[in-house]
Amino acid sequence: MTSFTFRPLDPLKDAELLHGWVTHPKAAFWMMQDATLVDVERAYMDIAADEHHHALLGLDEQGVPAFLMEKYDPAHRELVGLYEPRPGDIGMHFLTPATDRPVHGFTRSVITAVMAHLFEDRAVERVVVEPDVSNKAVHALNEAVGFVPEREIQKPEKTALLSFCTRERFFETTGVTA
């Protein structure tokens, strides 16, 4: 598995990079296709100011930004009123940028690293995701790291597949050790 490190996203410094990622056709499920650079700066400044939502960049071995990860408290963001949160729940989104030179297994390495990073926090017991029901590629990736779909939910912007992955299931499914 590729080794990644994480750093907090800097909304102003990283906005141009992110703009290229989130507006690319590959990132359609990110729902920022028509965003301007200023829109991206504002969106990530809002996240930076939010105590319940955090954006991080995943860096490759050379320290180059390789993907975006967001984590949020589902009791306060994204899923409020759509399910019954438990203590130890954390929500997650991740985005790998489009590339001209795809690397086999890269996205699976990314989601595995994201999950391992989340579970480094001993307070996290379960990761919650809510991808678009039509995003079959991410459903397969989620399953590969231990997510179990629970049900479809209706969010304002999409019909989502509410899925959960416990700490134990992640480690059992992936063979990653804590």
Side-chain angles (χ1 to χ4, degrees), residues 1-10 13-35 40 43-44 47 53-72 78 90-121 124-150 152 157-178:
M1 182 173 84
T2 306
S3 175
F4 297 107
T5 56
F6 295 84
R7 75 160 169 81
L9 180 108
D10 180 324
K13 187 178 114 186
D14 298 321
E16 192 170 333
L17 172 72
L18 281 182
H19 181 261
W21 290 3
V22 302
T23 59
H24 190 279
K26 177 191 177 285
F29 290 110
W30 210 254
M31 295 177 283
M32 293 185 80
Q33 300 288 258
D34 298 323
V40 172
Y44 285 93
I47 290 172
H53 196 164
H54 307 282
L56 304 165
L57 282 179
L59 310 175
D60 67 14
E61 287 98 348
Q62 288 77 44
V64 176
F67 61 91
L68 172 64
M69 168 196 166
E70 293 180 17
K71 59 183 180 176
Y72 63 89
E78 296 281 339
I90 192 161
M92 177 272 287
H93 301 289
F94 78 98
L95 176 68
T96 57
T99 180
D100 295 334
R101 298 181 309 277
V103 175
H104 179 73
F106 176 75
T107 306
R108 186 162 175 178
S109 292
V110 166
I111 191 172
T112 303
V114 165
M115 295 292 288
H117 180 75
L118 292 170
F119 284 125
E120 284 175 8
D121 180 345
V124 172
E125 291 299 325
R126 188 171 72 156
V127 179
V128 183
V129 293
E130 28 69 44
D132 192 293
V133 294
S134 62
N135 191 344
K136 302 301 184 200
V138 87
H139 299 314
L141 284 165
N142 287 344
E143 184 180 326
V145 296
F147 278 95
V148 176
E150 182 176 282
E152 290 185 9
E157 73 281 10
K158 65 184 177 186
T159 301
L161 183 62
L162 182 66
S163 303
F164 300 95
C165 182
T166 63
R167 173 185 296 279
E168 295 76 22
R169 184 153 171 85
F170 170 70
F171 292 124
E172 287 171 12
T173 304
T174 62
V176 171
T177 54

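The analysis underlying the following values was restricted to heavy atoms, covering all of them including side chains, and did not include hydrogens, waters or symmetry mates.
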ask   = Under a 4.5 Å cut-off applied to non-hydrogen side-chain atoms, are Val114 and Phe4 in contact?
value = no
key: Nearest heavy atoms of Asn142 and Pro131, plus distance in Å   = ND2-CG, 3.8 Å
request  = Output the distance between atom CE (Met92) and atom OH (Tyr72), rounded to the nearest 0.5 Å.
outcome  = 9.0 Å
inquiry  = Parallel, tilted or perpendicular, judged at 30° and 60°: which one describes the rings of His53 and His93?
reply    = tilted
message = Taking the side chain as everything from C-beta on, heavy atoms only, tell me whether Thr107 gets closer than 4.5 Å to Phe67.
response = no
ask   = Are the side chain of Lys158 and the backbone of Glu130 linked by a donor-acceptor contact shorter than 3.5 Å?
value = yes
task = Can you spot which of Val127, Val124, Thr174, Val176 makes a side-chain contact (heavy atoms from CB on, under 4.5 Å) with Met115?
result = Val127
message = Less than 4.0 angstrom from a charged side-chain N to a carboxylate O is my criterion; do Asp14 and Arg7 meet it?
response = yes
key: Distance, nearest 0.5 Å, that separates CG of Leu18 from CG of Leu57   = 6.0 Å
inquiry  = Do Ile90 and Asp121 make a side-chain contact, defined as non-hydrogen atoms from C-beta onward lying under 4.5 Å apart?
reply    = no
query = Is a side-chain donor or acceptor of Gln33 paired with a backbone partner of His24 at a separation under 3.5 angstrom?
reply = yes
Criterion side chain to side chain contact (heavy atoms under 4.5 Å, CB included) on Phe147 and Thr173, from CA distance to verdict = CA-CA 9 Å; Phe147 278 95; Thr173 304; over 6 Å; no
request  = Quick one: sort the His117 and Phe6 rings into parallel, tilted or perpendicular, breaks at 30° and 60°.
outcome  = parallel
ask   = So is Arg126 actually on top of Phe164's ring, under 6.0 Å and inside 45° of the axis?
value = yes
Least distance between heavy atoms, Val133 atom then His139 atom = O-NE2, 3.0 Å
request  = In sequence, state the C-alpha distance, the side-chain angles, and the governing distance for Leu118 and Phe170, and then conclude on side chain to side chain contact (heavy atoms under 4.5 Å, CB included).
outcome  = CA-CA 11 Å; Leu118 292 170; Phe170 170 70; over 6 Å; no
Closest non-hydrogen atom pair, Ala55 against Ile47 = N-CG2, 3.7 Å
note = Of all heavy-atom pairs linking Leu95 and Ala27, the shortest is CD1-CB, 3.9 Å
message = As an exercise, state the distance from CG of Leu68 to CG of Leu17, rounded to the nearest 0.5 Å.
response = 9.0 Å
note = Rounded to the nearest 0.5 Å, the CE atom of Met69 sits from the CG atom of Leu9 at a distance of 12.0 Å
message = Could you measure the distance from the OG atom of Ser109 to the NE2 atom of His104? Nearest 0.5 Å is fine.
response = 9.5 Å
request  = Quick one: closest heavy-atom pair of Pro149 and Ser163, and the distance?
outcome  = CA-OG, 3.3 Å
inquiry  = A quick test of your reading: do over 12 heavy atoms of other residues, nucleotides or ligands sit less than 6.0 Å from CD of Glu150?
reply    = yes
request  = Answer whether the closest heavy-atom distance between the side chains of Glu70 and Tyr44 falls below 4.5 Å.
outcome  = yes
task = Compare all side-chain heavy atoms of Leu141 with those of Arg108 and state whether any distance is below 4.5 angstrom.
result = yes
task = Determine the minimum heavy-atom distance between Thr23 and Ala35, stating which atoms define it.
result = CG2-O, 3.5 Å
query = Between Trp30 and Trp21, is a side chain to side chain contact (heavy atoms under 4.5 Å, CB included) present by the stated rule, with each step listed?
reply = CA-CA 10 Å; Trp30 210 254; Trp21 290 3; over 6 Å; no
inquiry  = Counting C-beta onward and ignoring hydrogens, is there a side-chain heavy-atom pair between Pro8 and His54 closer than 4.5 Å?
reply    = no
query = Taking atom types as modelled and ignoring hydrogens, do the side chains of Thr96 and Lys26 form a donor-acceptor contact shorter than 3.5 angstrom?
reply = yes
ask   = To the nearest 0.5 Å, what is the distance between NE2 (His19) and CD (Glu16)?
value = 9.0 Å
